Number of protein chains: 2
Amino acid sequence: MATRRNDPDRRDRIIDAALAVIAEGGVAGTSHRRVADRAGVPLGSMTYHFTSMEELLHEAFTRFAERISERFAARLSGVTHRGQLASAIVDLVHSDLVEGPDDLVLTLELYTLAARKPSFRQITHDWMRRSRDVLEQHVDAKTAHKLDALIEGLFIHVSLDATPHGRDVTRDAVLRFLPS
Amino acid sequence: MATRRNDPDRRDRIIDAALAVIAEGGVAGTSHRRVADRAGVPLGSMTYHFTSMEELLHEAFTRFAERISERFAARLSGVTHRGQLASAIVDLVHSDLVEGPDDLVLTLELYTLAARKPSFRQITHDWMRRSRDVLEQHVDAKTAHKLDALIEGLFIHVSLDATPHGRDVTRDAVLRFLPS
DNA sequence: TGTCGATATGTACGAACGTACACATGAAGG
DNA sequence: CCTTCATGTGTACGTTCGTACATATCGACA
């Protein structure tokens, strides 16, 4: 039987195109037509592959959250002692967003959706759980909660503040939660 | 001269209606017509009072941020010693969002806008500055930065996590930044 | 009181939208 | 080779949108 038709990963490309469109114009500016154009597929493919816009958004943000989690785990893997862990977290907060400002936008778009619709909250639940799992390889559960929240806040403030704090401030804040 | 016409605070009502509509359906679901209906004014009033949707959103979020800042300052005023300050912050993180879940949605909507459009970033800049000013009545500047970010992260995680941390965890985290 | 101009409103238009659905396409099995 | 039918596409419909603009409304001043 194999492939019925010739483009098996078209669905994947639509999802990636959706993330690009969302990053560019927000969920507010995302439409079937725009995503279709970006992915290079006909409008009809949208409703064929996805029942609704909500389904597409859900799959797109699920993929996005998994990607970020992977990067998070990668940065913190191989870290053995306190100083390295702190450095890795400082890099996460201060460097990652310079590489990809899209990640900030997508993160906030997801949070906004999650704040209103329970179906999207599952995505943030899983994301936060994965983050804590990684952190718990280095610290206890309660500290993981605190650290995760701190990282979140630092990341947002570095991104949206006019006079953001420096790496030294981040490092000092993080170290307060790491047992010496 | 006085009032040219009979409804001087119509503009105000439109702004409040806009915040209600945004809280309900997000920026994505906000239109001139919906805001007009909510405010009980004709569609024509929208373009008369506001040049564009963006102008309306800008004024609405400015008002929102100022309101939150006032509440923030009020909660932290009259606090004298370390334990009281910690308690006040714990209340902010854990109670305020129960009272008004709309605040979480509006906050995230604003951040999302700010992440993409510099004109809205001014609103978050001012907001964060005001928060730090309040905190600096109790701690030094660098600590204020850390505390502000921590509060942000704790607030978001309490709101969007399936298994959020308790008040005790928040309190312990906050106390780590308050000099004993 | 009558007129004038600032203030405010109703309506209409073109663009963009989600969605439905009739139809094209081509691989699989007879 | 030919039929069949799952897979995929083009188009058209009804709705909603932002915006423009002609028109209505009424306070202020002569």
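Throughout, a chain's letter reflects where its sequence line sits, starting with A, and its residues are numbered from 1. Keep in mind the model is a prediction, meaning the values are calculated, not measured.
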How about B:R171 and B:S87: does a side-chain donor come under 3.5 Å of a side-chain acceptor? yes
What is the distance, to the nearest angstrom, from the CG atom on A:D37 to the C1' atom on C:dA16? 12 Å
Would you call the rings of B:Y111 and B:W127 parallel, tilted or perpendicular if under 30° counts as parallel and over 60° as perpendicular? tilted
Distance in angstrom units between A:E54 CD and C:dT19 C1', rounded: 16 Å
Once you round it to whole Å, what is the distance between P of C:dG18 and CG of A:L56? 10 Å
Quick check on the hydrophobic clustering: are A:V105 and A:F155 connected, directly or via other members, by side-chain heavy-atom contacts under 4.5 Å? no
Hey, what are the protein-to-nucleotides 14-18 of chain D N/O distances that come in under 3.5 Å?
from	atom 1	to	atom 2	distance (Å)
D:dC17	OP1	B:S31	OG	3.2
D:dC17	OP1	B:R34	NH2	3.4
D:dG18	OP1	B:H32	N	3.2
D:dG18	OP2	B:H32	N	3.0
D:dG18	N7	B:R33	NH2	2.5
D:dG18	O6	B:R33	NH2	2.6

Integer-rounded Å distance: D:dG8 C1' and A:R11 CZ: 14 Å
Write down the distance between OH (A:Y48) and C1' (C:dC23), rounded to a whole number of angstrom. 14 Å
Can you tell if the side chain of B:H145 reaches within under 4.5 Å of the side chain of B:K142, non-hydrogen atoms only? no
Report the relative orientation of the aromatic rings in A:F61 and A:F120; use parallel for angles under 30°, tilted for 30 to 60°, perpendicular for over 60°. perpendicular
Counting only side-chain nitrogens and oxygens, does A:S45 get under 4.0 Å of the OP1 or OP2 atom of D:dG8? no
Write down the distance between CE (A:M46) and P (D:dG8), rounded to a whole number of angstrom. 13 Å
Would you say the side chains of B:T170 and B:H94 form a donor-acceptor pair under 3.5 Å? yes
Rounded to whole angstroms, how far apart are CD on A:E55 and P on C:dT19? 11 Å
